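Take this structure first; my questions come after.
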Protein chains: 2
Amino acid sequence: MSSTGAKAVPDRRRAILDAAVRVFARQGFHACRVSDIADEAGVAYGLLYHYFPSKEEVLNTLFLERWGVMLQMIREVDAEQIPVREKLGAIASFIIDSYRHDPDMMKVIIVEVTRAANSFGQTHLGQIREAYRMIGTIVTKAQREGVFKPDIDAEFAAMTFYGAIEQVLTGWIFGLLPQGDEAFERAKQMVVETVCGGLEVARAPAA
Amino acid sequence: MSSTGAKAVPDRRRAILDAAVRVFARQGFHACRVSDIADEAGVAYGLLYHYFPSKEEVLNTLFLERWGVMLQMIREVDAEQIPVREKLGAIASFIIDSYRHDPDMMKVIIVEVTRAANSFGQTHLGQIREAYRMIGTIVTKAQREGVFKPDIDAEFAAMTFYGAIEQVLTGWIFGLLPQGDEAFERAKQMVVETVCGGLEVARAPAA
DNA sequence: GTGGATAGATTGACTGGTCAGTCAATGCGT
DNA sequence: ACGCATTGACTGACCAGTCAATCTATCCAC
C-alpha cells in the first residue's frame with residue numbers, strides 16, 4: 001500500500017501549484033513574492049526551487065496543464081458530427097463551467113497569461129493561437145456547409161467568439177457582471193445566440 | 001509671442017509622455033525602468049519626478065488622456081439620431097482608426113490597463129465600466145425600438161461588442177492577424193456585421 | 001531486529017542585483 | 001538675484017534564486 005493508497009505521502013509539488021493558483025489570483029503574478037506561495041503552501045521557501053527552476057515556471061506549468069485540457073476538448077468537439085451551434089455551445093459551456101468550478105485558476109490563466117500578451121502571453125502565443133485556429137476551422141466548415149456567411153473571415157469570427165467569452169469571464173472576475181448558476185447558463189446561450197444569430201431581430205433572407 | 005508660437009520652449013512633460021508610450025509599448029510597464037523613459041525622452045532621470053509623482057502616474061496620465069477622448073466620442077455618437085448599426089460602426093471606426101494612427105498608444109492602453117485588470121485595470125475600473133455602460137445604453141435603445149432582440153442582456157451585448165473589437169486589436173498588436181488599411185476597413189465592417197447580423201446566413205423571421 | 005549508509009526531501013538564512021524615488025547642486029531665463 | 005527647470009549620483013528597500021545544513025525514509029549487512 002505504498003503507491004496510491006489514501007493518505008499517501010503529501011504531494012508537495014501539487015500543494016505548491018495549488019497554493020500558487022490562490023496567491024496569483026489574489027495578488028497577481030508580479031505583485032506576489034515567492035515566499036507568499038511557499039507560506040500559502042505551508043512549505044519552506046527553498047522547496048519551491050526543489051520542484052521548479054523558477055517562479056515563472058510555476059505559472060507556465062499551471063497554464064500548460066489547463067490549456068492542454070481545453071485544446072483537447074475543442075479537438076474532440078470539432079470531430080463530432082453536430083451542428084455548428086452545438087459545437088460552439090459546447091466550447092462556451094466548457095470554458096464557463098471551468099470558471100464555475102475553479103474561478104481562481106481561470107482568473108490566473110486569463111489575467112496572467114491569455115491577456116498578458118506582453119509577458120507570458122508571448123511565451124505561450126503558439127498555444128493560444130492553436131485555440132483560435134481550431135475554432136476558425138469549425139467556422140470554415142460551417143461556411144462550406146452554407147450555414148455561416150462566407151464573407152466574414154473565419155479567423156476573424158473565431159477571435160470574435162473567443163473574445164466575447166473571455167470578455168464575459170473578465171466581467172465576472174472583476175465584478176462587472178452578476179454571477180451565479182443562472183447567469184452562467186444564460187451566458188452560454190447568449191454568447192452563442194449573439195455570435196451565430198446576431199443581435200438584430202430575424203429578417204427575411206436576401207432575395 | 002510667448003505663449004503658443006511655433007518652436008516655443010520644448011515641452012519636456014509632453015516629451016516624457018510620448019517617450020513613455022514608446023517604451024511601455026516596446027518593453028511593457030513592469031519590465032521597463034524609469035531610466036529607460038528618461039533616456040528615450042532625452043531628459044535627465046530626475047526630471048520625470050519633477051513632472052510626475054511616480055512611474056505609475058505617467059501611465060495613469062496617458063490612459064486618462066486617451067480614454068477620455070473615447071468616452072466623449074461614444075457620448076456624442078449615442079446622442080445622434082442614426083441607426084444602431086451606424087452608431088456601433090462609428091465606435092468601431094474610432095477605435096480602429098485610433099490604432100491605425102497610434103498603434104503604440106493603443107497597445108499600451110489595452111495591454112497595460114484595459115486587459116491588466118489586476119494592476120491598473122483595477123484603478124481605472126470605473127472609467128472602463130463607463131464605456132461598457134454607454135454602449136449598453138445604445139443597445140437598450142435599439143431593443144426598445146424593436147431593432148435588437150429583447151432577450152439578450154444589453155450589458156452582455158455591450159461586452160461582446162467591445163470584447164470583439166479589443167480581441168481584434170490584440171490580434172494585430174501581437175501579429176496574429178494581418179494588418180493594413182484594407183484589413184482595418186474590413187474589420188470595421190465585419191465586427192458590426194457579426195455582432196448585429198450574426199454569423200449565420202439570413203433566415204426567415206420566426207412565425 | 002539493529003546499526004548505519006545513502007539518497008532524496010526539506011529548511012531558511014544569506015547574497016547579489018535591481019530599481020523607484022530622493023535631493024543637493026547646477027543651469028538658465030527674466 | 002530670484003525662482004523654476006534640470007541634472008544624475010546616491011540610498012534604501014525589495015526579492016529571486018542559492019546553498020550548506022538538517023531531516024526522514026528506505027534498504028541492506030549481519
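Owing to the predicted nature of the structure, the values given are computational and were not obtained by experimental measurement. In what follows, chains are A, B, ... by sequence order, proteins preceding strands, each numbered from 1.
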Quick one: which protein N/O atoms are closer than 3.5 Å to N/O atoms of nucleotides 6-9 of chain C? Pair and distance per line, please.
unit_1, atom_1, unit_2, atom_2, d
C:dA9, OP2, A:His50, NE2, 2.7

salt_bridge(B:Arg75, B:Asp78) N-O dist < 4.0 Å: no
Can you check each nucleotide of nucleotides 20-30 of chain C against protein heavy atoms at under 4.0 Å and return B for base, S for sugar-phosphate only, - for none, in 5' to 3' order? BBB--------
List for me each residue that meets side chain to side chain donor-acceptor pair (under 3.5 Å) alongside A:Glu112, sequence neighbours excluded, and say none if there are none. B:Asn118
Could you state the atom-to-atom distance from CG of B:Asp36 to P of C:dC19 in whole Å? 8 Å
Donor-acceptor check, side chain of A:Glu200 to backbone of B:Phe148, threshold 3.5 angstrom: yes or no? no
Figure out the CD/C1' separation between A:Glu57 and D:dG17, and round it to whole Å. 15 Å
Can a salt bridge be assigned to the pair B:Arg100 and B:Asp181 using a cut-off of 4.0 Å between side-chain N and carboxylate O? yes
Electrostatic pair B:Asp102-B:Arg66, nearest N-O below 4.0 angstrom: no
What distance do B:Thr140 atom OG1 and B:Glu145 atom CD have between them, rounded to the nearest 0.5 Å? 11.0 Å
Expressed as a whole number of angstroms, how long is the span from B:Phe52:CZ to D:dT6:C1'? 15 Å
Mark yes or no for whether A:Lys149, through its side chain, and B:Gly198, through its backbone, hold a donor-acceptor pair below 3.5 Å. yes
Neighbour count >12 (heavy atoms, 6.0 Å) for atom CD, B:Gln72: yes
